[in-house]
Peer 1: 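My questions all concern the structure below.
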Amino acid sequence: AAESTGRKWEQKQVQIKTLEGEFSVTMWASDDKK
Amino acid sequence: VKSKSVVPVEEFDWGRYICSNNLVGAPVTCFKHVPLCTFWSDVTEGVRVEVLNSDTNLSTKVYWIAGIVKLAGFKALLRYEGFDNDSSHDFWCNLCVPEIHPVGWCASNGKPLVPPKSIQHKCSNWKAFLVKRLTGAKTLPSDFSVKVHESTQYPFKKLMRVEVVDKTHLCRTRVALVEQVIGGRLRLVYEESQDGTDDFWCHMYSPLIHSIGWSRSIGHRFKRSDVSKKIEGLTDAPSQLFLKVKDVDQSGDWFKDNMKLEAIDPLNLSAICVATVRKVLADGYLMIGIDGSEAADGSDWFCYHSTSPSIFPAGFCEINSIELTPPRGYSKLPFKWFDYLRETGSRAAPVKLFNKDVPNHGFREGMKLEAVDLMEPRLVCVATITRIVHRLLRIHFDGWEDEYDQWVDCESPDLYPVGWCQLTGYQLQPPAAQATRE
């Protein structure tokens, strides 16, 4: 759906902060096409 | 004219209403005029967000990650990560409120993610749990709140002048001033109103409003204002702010005076009636009269554009099994177009002149939404789609009798997804209870 509306899904490194510390995970988020 | 009174506002909970009746809200993508419409196809079940953790003893605001379990318009049923198949702590939230964030927002803003206390004991390594649950999952774009903000800005401003249909004489327009803008809906006050209460609500994309000078340019009747007091700051709303209509070629075979057709009665939107072209205006506009109930002076003729989805060729209702309202006082029932045309010495407007586009709108019967009561257009009410005929939707107002139902086009700017009122700050009229109606 993102493709047809002028956006694309991109993999993003997302930072997570818990009381035990910080780490990152790879998630998908749609973004406007550059 | 049937109109509803305002229902006293008590807390109406869309989420509970949807869940307790197992209902479906029309998707945001069905409403081209609302904020985030084109983006919303990316908001699906399973998308993760960061949201306030309400299940904690900590005194500071803490957050946790939740996934979308079910969507209804702008609202989502959310479940905190860690509850697996346990729905007991699920909660509804409007995704456009400031408390909803894409995953990663907490870390960027120095806020810790803390698991709800009900499940804190369930896991000894929350990092490993979150890595497993979130890797490869979807979240909102990092500029989600910017998108929400940008899509809720509107070009109409207070004190802009527009031409709008005169609600007491549908055949003419008047000048009105924009007094208020909420979610793209305008409260317009007629220019000669002494106390500012003679007003009219409509959406900025309504076919009922036009730029100053429109009436004169197409030959529409217009009530001139006799305003002695000049108000500082008045400006004419720029013409590019208004809905554009399709260009039409009126030079060849075109609508002519006295041609017959079927039209939604602007004074009773529940009915499609036998109607007549009373006057052909410029730029594709037509003055239409409802047969059998016209004032002698034509003061209730109504202006529809030739491409309007509210006018139909003779026979449309019969083909689509819709009850056609015959002319008032016409006794030869059941109504037959063939006989009526012969008796009145008139001819039907050619089918080829009507708008036959049917957009892939996505609405389904039974879907819930927020809809304007066009007989009382300041009211936005809890409503249901009860019938779909091509692009035409039958809107039922929950808790009200069927006689209040209205035929509305699928692209009407007076239809909104569940949660639109909350998003824009517009007051929602909840379903009427029996006692309130009486």
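So you know, we letter chains A, B, ... as the sequences are listed, proteins then strands, and number each from 1.
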Peer 1: Can you give each donor-acceptor pair under 3.5 Å made by side-chain atoms of residues 130-140 of chain B, sequence neighbours left out, with the distance rounded to 0.1 Å?
Peer 2:
{"from": "Arg133(B)", "atom 1": "NE", "to": "Glu81(B)", "atom 2": "OE1", "distance (Å)": "2.6"}
{"from": "Arg133(B)", "atom 1": "NH2", "to": "Glu81(B)", "atom 2": "OE1", "distance (Å)": "3.2"}
{"from": "Thr135(B)", "atom 1": "OG1", "to": "Val131(B)", "atom 2": "O", "distance (Å)": "2.6"}
{"from": "Thr139(B)", "atom 1": "OG1", "to": "Arg48(B)", "atom 2": "O", "distance (Å)": "2.7"}
{"from": "Thr139(B)", "atom 1": "OG1", "to": "Val103(B)", "atom 2": "N", "distance (Å)": "3.0"}

Peer 1: Would you give the length of the straight line joining atom CD of Glu50(B) to atom CD1 of Ile16(A), rounded to the nearest 0.5 angstrom?
Peer 2: 6.0 Å
Peer 1: Flag yes if more than 12 heavy atoms outside Lys127(B) fall under 6.0 Å of its NZ atom; otherwise flag no.
Peer 2: no
Peer 1: For Asn125(B), look at atom CG and say whether over 12 heavy atoms of other residues, nucleotides or ligands are found less than 6.0 Å away.
Peer 2: yes
Peer 1: Between Gln15(A), Glu20(A), Gln11(A), which shows the greatest number of heavy-atom pairs under 4.5 Å with chain B?
Peer 2: Gln15(A)
Peer 1: Report the distance from atom OG1 of Thr18(A) to atom CZ of Phe129(B), rounding to the nearest 0.5 Å.
Peer 2: 13.0 Å
Peer 1: Just list the side-chain donor-acceptor pairs under 3.5 Å for residues 72-79 of chain B, sequence neighbours left out, or say none.
Peer 2:
{"from": "Lys75(B)", "atom 1": "NZ", "to": "Gln422(B)", "atom 2": "OE1", "distance (Å)": "3.4"}
{"from": "Arg79(B)", "atom 1": "NE", "to": "Asp86(B)", "atom 2": "O", "distance (Å)": "3.4"}
{"from": "Arg79(B)", "atom 1": "NE", "to": "Asp90(B)", "atom 2": "OD1", "distance (Å)": "2.7"}
{"from": "Arg79(B)", "atom 1": "NE", "to": "Asp90(B)", "atom 2": "OD2", "distance (Å)": "3.3"}
{"from": "Arg79(B)", "atom 1": "NH1", "to": "Asp84(B)", "atom 2": "O", "distance (Å)": "3.0"}
{"from": "Arg79(B)", "atom 1": "NH2", "to": "Asp90(B)", "atom 2": "OD2", "distance (Å)": "2.8"}

Peer 1: Chain B heavy atoms under 4.5 Å from Glu22(A): which part of the residue, side chain, backbone, both or neither?
Peer 2: side chain
Peer 1: Tell me whether Lys356(B) at atom NZ has more than 12 heavy atoms from other residues, nucleotides or ligands lying less than 6.0 Å away.
Peer 2: yes
Peer 1: In the structure I gave you, are the side-chain heavy atoms of Trp9(A) and Asp42(B) within less than 4.5 Å of one another anywhere?
Peer 2: yes
Peer 1: Output the distance between atom NZ (Lys12(A)) and atom OG (Ser142(B)), rounded to the nearest 0.5 Å.
Peer 2: 4.5 Å
Peer 1: Is the count of non-hydrogen atoms from other residues, nucleotides or ligands lying under 6.0 Å from Tyr205(B) atom OH greater than 12?
Peer 2: no
Peer 1: Considering all heavy atoms of both residues, which atom of Pro141(B) and which atom of Ser30(A) are nearest to each other, and what is their separation?
Peer 2: CB-O, 3.2 Å
